[in-house]
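Below is one structure, written out as structure tokens; comments come after it.
Computed from heavy atoms alone, side chains included, the values below leave out hydrogens, waters and symmetry copies. Each ligand, and each atom within it, is numbered from 1 in the order the structure gives. The shown structure was predicted, so the numbers you read here are calculated from the model rather than taken from an experiment.
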Amino acid sequence: LAGKRHETRREDFLNHFPHEHRSSYYTSYVNAGWKLIYHYPVPDKGRRRQNPLPKTYELFNLKDDPFEKNDLADSHPEKVQTMLTALRKDLAAKNALYPAMGTQELLPGEAPEPPAAQAPAASSATLPPFVKAVRASSHELGNLPVHAVDADKTSRWAARDGSFPQFLEIELQAAQQAKGVTVSFRNKTMIRYTIDGFGPDGTWITLVDQSENKEKVQTVTHSFDAELTKLKVTVLEAQTGWATITDLQIGK
Ligand SMILES: [Ca+2]
């Protein structure tokens with residue numbers, strides 16, 4: 001990577017191949033004995049057309065498994081997520097180039113959006129004025145994080161697959177005194193979740209703990225009184241369906 005500084009005591013190591021490399025596009029990242037390989041969802045250019053796309057993620061524990069025989073991505077989704085977050089931070093810090101599909105850059109862990117001409121109308125949703133940003137642990141094609149706060153109950157954020165936990169995080173334009181929150185999940189089912197708030201003092205606090213919930217829920221309202229700059233809903237488990245939220249309102 002051009003411009004990479006020499007930081008000899010760093011424990012992490014990034015290998016970024018946004019160009020075609022042995023007929024696949026990938027980024028690998030090593031940190032504290034773990035290695036994550038992210039394969040971009042870019043189809044082969046014909047040479048190995050018979051082969052399916054490789055798995056999106058591979059995760060190896062290099063201390064126990066130096067020859068990378070035992071892929072732990074499916075059994076350690078939380079580790080995949082923390083490694084992916086670190087990888088993306090590292091790429092961003094290096095102003096890395098990403099492969100593109102059409103005019104869109106593909107960032108590790110993000111599904112490509114459909115081309116604008118084919119995108120559903122809802123994906124043009126803009127952020128409400130009090131929201132600075134909305135992000136999620138993952139999202140399904142077309143079901144973007146912003147769809148949870150677009151005041152349209154027909155659109156939704158959905159995680160990209162059925163793995164848990166998954167989170168949706170809303171960053172507010174300014175600190176706001178919140179009296180509670182109403183969350184509409186798409187599916188009425190047993191959902192275990194927590195809701196955390198980030199205050200102006202720079203710490204996360206748990207506002208709602210439904211991590212032991214056994215009831216079927218769909219639209220839930222929780223009251224609290226907290227000054228927030230961010231709100232995060234973490235879905236720990238859903239009995240049926242993926243983590244998906246159609247609407248979220250912050251009570252004032
Ligand atoms: Ca919506």
Side-chain angles (χ1 to χ4, degrees), residues 41 81 85 104 106-107 109-198 204 206-211 213 215-224 226 228-252:
Q81 200 57 53
T85 303
Q104 186 197 356
L106 294 172
L107 271 60
E110 279 185 4
E113 299 307 327
Q118 293 163 24
S123 72
S124 61
T126 50
L127 292 170
F130 62 91
V131 173
K132 187 172 175 186
V134 187
R135 50 186 85 87
S137 47
S138 69
H139 70 264
E140 191 181 21
L141 199 65
N143 289 324
L144 311 181
V146 65
H147 291 169
V149 293
D150 62 357
D152 174 357
K153 300 243 172 166
T154 65
S155 64
R156 64 197 171 100
W157 159 70
R160 71 180 291 176
D161 58 38
S163 66
F164 297 96
Q166 298 279 348
F167 71 81
L168 178 80
E169 182 181 305
I170 295 148
E171 184 174 355
L172 303 172
Q173 286 287 1
Q176 180 179 320
Q177 198 69 29
K179 302 288 189 188
V181 65
T182 298
V183 180
S184 295
F185 297 104
R186 183 177 186 230
N187 307 311
K188 183 168 188 178
T189 186
M190 189 283 293
I191 302 169
R192 297 194 299 109
Y193 60 97
T194 57
I195 302 175
D196 298 287
F198 190 81
W204 284 100
T206 300
L207 301 166
V208 175
D209 185 351
Q210 290 289 329
S211 58
N213 178 46
E215 308 285 318
K216 284 189 179 181
V217 292
Q218 187 161 30
T219 295
V220 290
T221 297
H222 296 285
S223 297
F224 48 77
L228 303 178
T229 58
K230 293 181 202 169
L231 186 82
K232 178 153 107 172
V233 179
T234 304
V235 180
L236 304 166
E237 183 191 2
Q239 206 160 44
T240 54
W242 298 357
T244 172
I245 291 174
T246 55
D247 194 53
L248 187 151
Q249 305 278 340
I250 297 173
K252 288 174 191 157

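- A donor-acceptor contact closer than 3.5 angstrom links the side chains of D196 and T206.
- Checked against the Ca ion (ligand 1), the N, O or S atom of H147 at the shortest distance is O.
- For S211 and D209, the side-chain atoms include at least one donor-acceptor pair closer than 3.5 Å.
- Salt-bridge annotation for R135 and E169: present, with a side-chain N of the basic residue lying under 4.0 Å from a carboxylate O of the acidic one.
- A salt bridge does not link E140 to R160: none of the charged nitrogens lies less than 4.0 Å from a carboxylate oxygen.
- D152 contributes O and D150 contributes OD1; the angle these two atoms make at the Ca ion (ligand 1) is 90°, rounded to 10°.
- Because the distance cut-off is set at 3.0 Å, D247 fails to qualify as a neighbour of the Ca ion (ligand 1), as none of its N, O or S atoms comes that close.
- Taking backbone and side-chain atoms together, T154 has no N/O/S atom less than 3.0 Å away from the Ca ion (ligand 1).
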